[in-house]
S.K.: 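One structure is given below, represented as structure tokens, and several questions about it will come after.
Within every chain, numbering begins at 1; the chains are lettered A, B, ... in the order of the sequence lines, protein sequences first and strands thereafter. Note that the structure is predicted; figures quoted are calculated from it, not measured.
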Amino acid sequence: MNLLPKKIGNFFGLIYEQMFDFCFLMVYNRDMISEEKLKILTESAKYDVSCSSSGSARKNAGGMGNGYVAGCCHSFTPDGRCVSLLKILLSNDCIYNCKYCPNRLDADVPRATATADEICQLTIDFYKRNYIEGLFLSSAVYKNPDYTMEQLLLVVKKLRTEYGFHGYIHLKGIPRADERMMTEAARFVDRMSYNVELPSEKSLKLLAPQKSKESLLTPMKTLATQTERFREEKRKGFVKGYFLPAGQTTQMIIGASPEADGHILRLTNALYQKNGLKRVYYSSYVPVVRDKSLPEVGAGQLREHRLYQADWLLRFYGFSVEEIVEENENLSMEFDPKCAWALRNMHLFPVEINRAPLETLLRVPGIGAKNAYKIIEARKYTKLTFEDLTKMRVALKRAKHFITCNGKFFGAKNEHAVRGLLTAAETQESAEQLNVFGMLSTPQNALIALHGQL
Amino acid sequence: MVYVFDGTKIGFLTALLIAFSDPVAIVTSKQTQIPLGMTVMQVHNDPVRAKKAEERLFSFDPDCLFDLDRLLRSGMQNNEQLAFRYLRFIAQEKRPVSKRLANPDVFAAVECIKKVGLEIHKMHGFIRFMETASGALYAPFSPDNDICDLILPHFRARLPQFPFVLHDVKRKKAAVYDGTSTFVAPLAQADVLLSADELGWQSLWKEYYGAVNIPSRKRLKQMRGYMPQRYWKFLPERQESPPDL
Ligand code: SF4
């Protein structure tokens with residue numbers, strides 16, 4: 001980069017002149033979507049939990065856009081969530097009747113369907129202004145699964161080829177649609193997801209009769225195999241391009257059906273192990289529809305929160321699902337899963353902060369991965385004391401009961417006291433969050449809180 | 001003693017050499033950082049000695065010049081003092097020290113460097129371009145740290161067909177990509193004529209932003225934590241009218 005300041009009198013004038021060469025290379029037909037349609041199609045997509053734009057290193061190949069491996073938040077809404085992708089439904093006009101969904105056939109809600117060009121243009125113009133990192137496209141089942149998938153495929157294909165867009169695209173697949181369209185779409189998008197929806201076949205039958213475990217898992221498995229094969233061939237130089245560089249994710253509703261956390265985490269683990277999923281998302285059920293097959297009360301967000309914590313232990317902290325919870329049991333609401341595990345295994349503690357290997361540090365309640373690495377590095381140069389840890393901003397409220405610093409212990413004397421103090425720490429921390437969780441459960445909020453897409 | 005330099009890298013390195021063995025040295029380029037009653041010494045740049053110092057520092061820790069660049073770009077009040085204490089420590093130890101986080105000087109410097117990096121990452125998200133009548137993109141912003149040229153490559157890579165201007169209105173300078181090359185130039189004020197559609201897209205964006213919010217889960221503190229209020233002025237979704245230019 002040329003850092004020498006160029007003195008230019010007419011700063012913008014100069015740019016204007018040079019501009020004409022590049023700026024109108026791409027001729028768009030500017031179909032601007034109407035505000036009303038945008039509202040209908042994004043309102044019901046917003047409850048999708050995933051907003052991640054990470055994992056793709058797609059290169060710019062002319063046109064606009066590229067991937068950002070670390071992911072990128074472009075804004076935050078007053079509910080504290082990150083806005084990264086333009087989450088939108090192609091249509092909310094559904095022929096299915098999943099009991100928990102606001103867009104189901106029987107529901108009396110305004111319906112809208114966007115054209116491929118409306119979605120493409122919206123994506124391009126938002127992206128260009130740096131509002132978004134890319135597109136998260138899904139749809140209700142409009143007309144029939146094949147037709148819907150065909151339209152979704154048309155959008156992503158157009159976006160990549162006609163509109164020259166190389167930014168992030170997450171596409172939700174439509175179960176029971178022709179597999180060939182799925183495979184073709186995978187060549188264009190960064191990530192795909194088929195949602196498990198509910199943690200067991202029995203619950204699916206009851207609540208989402210048009211879907212089956214098999215119709216959701218088969219596409220996932222096929223894509224996993226195809227991704228493997230593609231990577232292999234790309235390595236050998238037989239193929240070019242991309243095939244789901246950011247992998248697959250899935251989502252399930254927690255608390256609409258009776259499965260225990262132990263069951264849910266085993267399913268999660270299997271999805272990670274067997275189908276190579278990147279993430280499993282949970283969304284806590286909120287009652288919207290009165291139906292005898294649905295519970296009257298929703299699952300609190302605390303349960304969802306605990307499941308995510310357990311999910312992290314599985315993925316980043318070297319825990320096995322058996323260590324976390326029994327198959328037919330639920331996670332403790334009182335303690336986070338790592339704390340609960342440590343309390344069951346007090347004989348392993350305290351550990352010496354200056355000697356414990358990384359795997360052990362990672363198992364200390366309150367010490368996250370980042371801090372564990374920090375400690376490992378810093379202790380090479382000096383014997384770390386309790387004060388050193390404070391200076392390094394390692395949170396010790398919980399950890400102090402499980403560690404010694406240079407042989408010194410700063411925690412509570414006995415296990416009983418530890419439990420008491422940990423509960424206190426936990427309550428204080430989640431008080432604010434719980435407040436927020438409480439607010440969700442009004443019927444009107446609940447109505448919109450159900451996520452209405454596949 | 002207080003060592004006052006001109007804010008440049010050469011000035012800093014010269015100050016580092018002069019102040020090296022002064023245990024109570026304060027190194028700064030800001031008038032506001034000079035404590036009352038202390039003797040002040042104006043540092044005169046010595047490019048030759050500075051170059052040598054730079055080479056030695058590089059031989060001790062190849063990353064420390066990157067660190068120095070970040071530290072000097074920081075908008076923190078005492079950033080230059082942090083840089084001084086950190087680099088002097090490297091020179092004393094003759095090896096990298098960045099992992100010795102139990103040392104307060106290292107910890108403070110590393111945090112400061114991290115903050116600059118973090119703002120670069122944040123700005124990759126929070127920059128808002130407006131489309132001008134000619135099709136060039138214009139983004140005014142007011143970062144804490146002096147980073148407009150550091151965020152440019154990101155946008156150049158993703159929008160190679162659009163000339164754009166990243167205008168740091170606080171420092172009155174801009175990083176510019178004119179469609180082929182990039183440069184930094186002083187820019188106090190820009191007259192921008194918006195394209196016909198610009199306000200239409202802005203209002204669609206505001207509509208979208210409103211639609212994806214879940215009103216029952218108000219967590220303003222969290223929102224402000226991730227997206228500090230001082231950045232809002234330039235975000236269409238958080239302001240009523242475009243910023244006064
Ligand atoms: S969950 Fe999907 S398929 Fe089921 S009714 Fe809702 S939009 Fe239709």
S.K.: If I measure from the heavy atoms of chain A, does B/Y231 come under 4.5 Å with its side chain, its backbone, both, or neither?
M.R.: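 No part of B/Y231 comes within 4.5 Å of chain A.
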
S.K.: Please work out which of the three classes, parallel, tilted or perpendicular, describes the rings of A/F76 and B/Y226, given edges at 30° and 60°.
M.R.: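 Plane angle under 30°, so parallel.
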
S.K.: If we ignore hydrogens and angles and just use 3.5 Å, is the side chain of A/N60 paired with the main-chain N or O of B/P160 as donor and acceptor?
M.R.: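 Flag not set: sc A/N60 to bb B/P160 has no pair under 3.5 Å.
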
S.K.: For the candidates B/V110, B/I127, B/L159, which exhibits the highest count of non-hydrogen atom pairs separated by less than 4.5 Å from chain A?
M.R.: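 Top count of heavy-atom pairs under 4.5 Å with chain A: B/I127.
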
S.K.: Using non-hydrogen atoms only, which part of B/E198 is less than 4.5 Å away from chain A: side chain, backbone, both, or neither?
M.R.: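 Both backbone and side chain.
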
S.K.: For B/Y209, is it the side chain, the backbone, both or neither that has a heavy atom under 4.5 Å from a heavy atom of chain A?
M.R.: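 Contact with chain A: backbone and side chain both.
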
S.K.: Could you have a look at A/S34, A/G80, A/G167 and say which one has the most heavy-atom pairs with chain B under 4.5 angstrom?
M.R.: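 Most pairs with chain B among the choices: A/G80.
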
S.K.: For A/L86, is it the side chain, the backbone, both, or neither that has a heavy atom closer than 4.5 Å to a heavy atom of chain B?
M.R.: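 Its backbone and side chain both get close to chain B.
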
S.K.: Pick one of side chain, backbone, both or neither for A/S75, based on which atoms fall under 4.5 Å of a heavy atom in chain B.
M.R.: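 Both parts, backbone and side chain.
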
S.K.: May I ask you to decide if B/V212's main-chain N or O and A/R81's side chain share a donor-acceptor pair within less than 3.5 Å?
M.R.: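 Yes.
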
S.K.: Does A/E377 come within less than 4.0 Å of B/R100, counting only side-chain N to carboxylate O?
M.R.: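 Salt bridge between A/E377 and B/R100, a charged N being under 4.0 Å from a carboxylate O: no.
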
S.K.: So for atom CD, which belongs to A/E36, do other residues, nucleotides or ligands contribute more than 12 heavy atoms lying within a distance under 6.0 Å?
M.R.: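 Counting other residues, nucleotides and ligands, CD of A/E36 stays at 12 neighbours or fewer.
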
S.K.: Does some side-chain heavy atom of A/Y381 sit less than 4.5 Å from a side-chain heavy atom of B/K99?
M.R.: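 When only atoms from C-beta onward are counted, A/Y381 and B/K99 do touch, with a gap below 4.5 Å.
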
S.K.: Quick check: closest heavy atoms across A/K391 and B/A102, and the distance to 0.1 Å?
M.R.: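 For A/K391 and B/A102, the tightest heavy-atom pair comes out as NZ-O, 3.9 Å.
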
S.K.: Which pair of heavy atoms, one from A/E35 and one from B/E207, lies closest together, and at what distance?
M.R.: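 Nearest pair, atom of A/E35 first, then B/E207: OE1-OE1, 2.9 Å.
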
S.K.: Using side-chain heavy atoms (C-beta onward) and a distance below 4.5 Å, is A/R129 in contact with B/E131?
M.R.: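 Heavy-atom side-chain distance check passes, below 4.5 Å.
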
S.K.: Can the ring centroids of B/H121 and A/Y68 be said to lie less than 6.0 angstrom from one another?
M.R.: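 Yes, close enough.
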
S.K.: Check whether any side-chain heavy atom of B/P236 lies under 4.5 Å from a side-chain heavy atom of A/Y131, and answer yes or no.
M.R.: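 Touching, per the 4.5 Å side-chain cut-off.
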
S.K.: Could you check if a side-chain atom of B/R158 sits within less than 4.5 angstrom of a side-chain atom of A/E133, using non-hydrogen atoms only?
M.R.: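 Of all side-chain heavy-atom pairs linking A/E133 with B/R158, at least one is under 4.5 Å.
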
S.K.: Got A/D125 and B/W205 here, is their nearest side-chain heavy-atom distance under 4.5 Å?
M.R.: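 A side-chain contact under 4.5 Å is absent here.
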
S.K.: Walk me through it: do A/K128 and B/F129 pass the test side chain to side chain contact (heavy atoms under 4.5 Å, CB included)?
M.R.: CA-CA 7 Å; A/K128 184 163 97 179; B/F129 285 115; over 6 Å; no

S.K.: Given A/M32 and B/D197, is the side chain to side chain contact (heavy atoms under 4.5 Å, CB included) satisfied, shown in steps?
M.R.: CA-CA 9 Å; A/M32 206 187 268; B/D197 287 346; 4.1 Å; yes

S.K.: Where do A/L85 and B/Y208 come nearest, in terms of heavy atoms and distance?
M.R.: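 Residues A/L85 and B/Y208, closest heavy atoms: O-OH, 3.0 Å.
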
S.K.: What part of B/L235 lies closer than 4.5 angstrom to a heavy atom of chain A: side chain, backbone, both or neither?
M.R.: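 It is neither, since no heavy atom gets under 4.5 Å.
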
S.K.: Answer yes or no: is there a side-chain heavy-atom contact under 4.5 Å between A/F126 and B/L204?
M.R.: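 Side-chain contact under 4.5 Å: yes.
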
S.K.: Measure distances from A/I33 to the heavy atoms of chain B and classify the residue's part below 4.5 Å as side chain, backbone, both or neither.
M.R.: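 Backbone plus side chain of A/I33, per the 4.5 Å heavy-atom cut-off to chain B.
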
S.K.: Under 3.5 Å, side chain of A/N130 to main-chain N/O of B/H124, donor-acceptor pair present?
M.R.: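 Yes, because the side chain of A/N130 sits within donor-acceptor range (under 3.5 Å) of the backbone of B/H124.
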
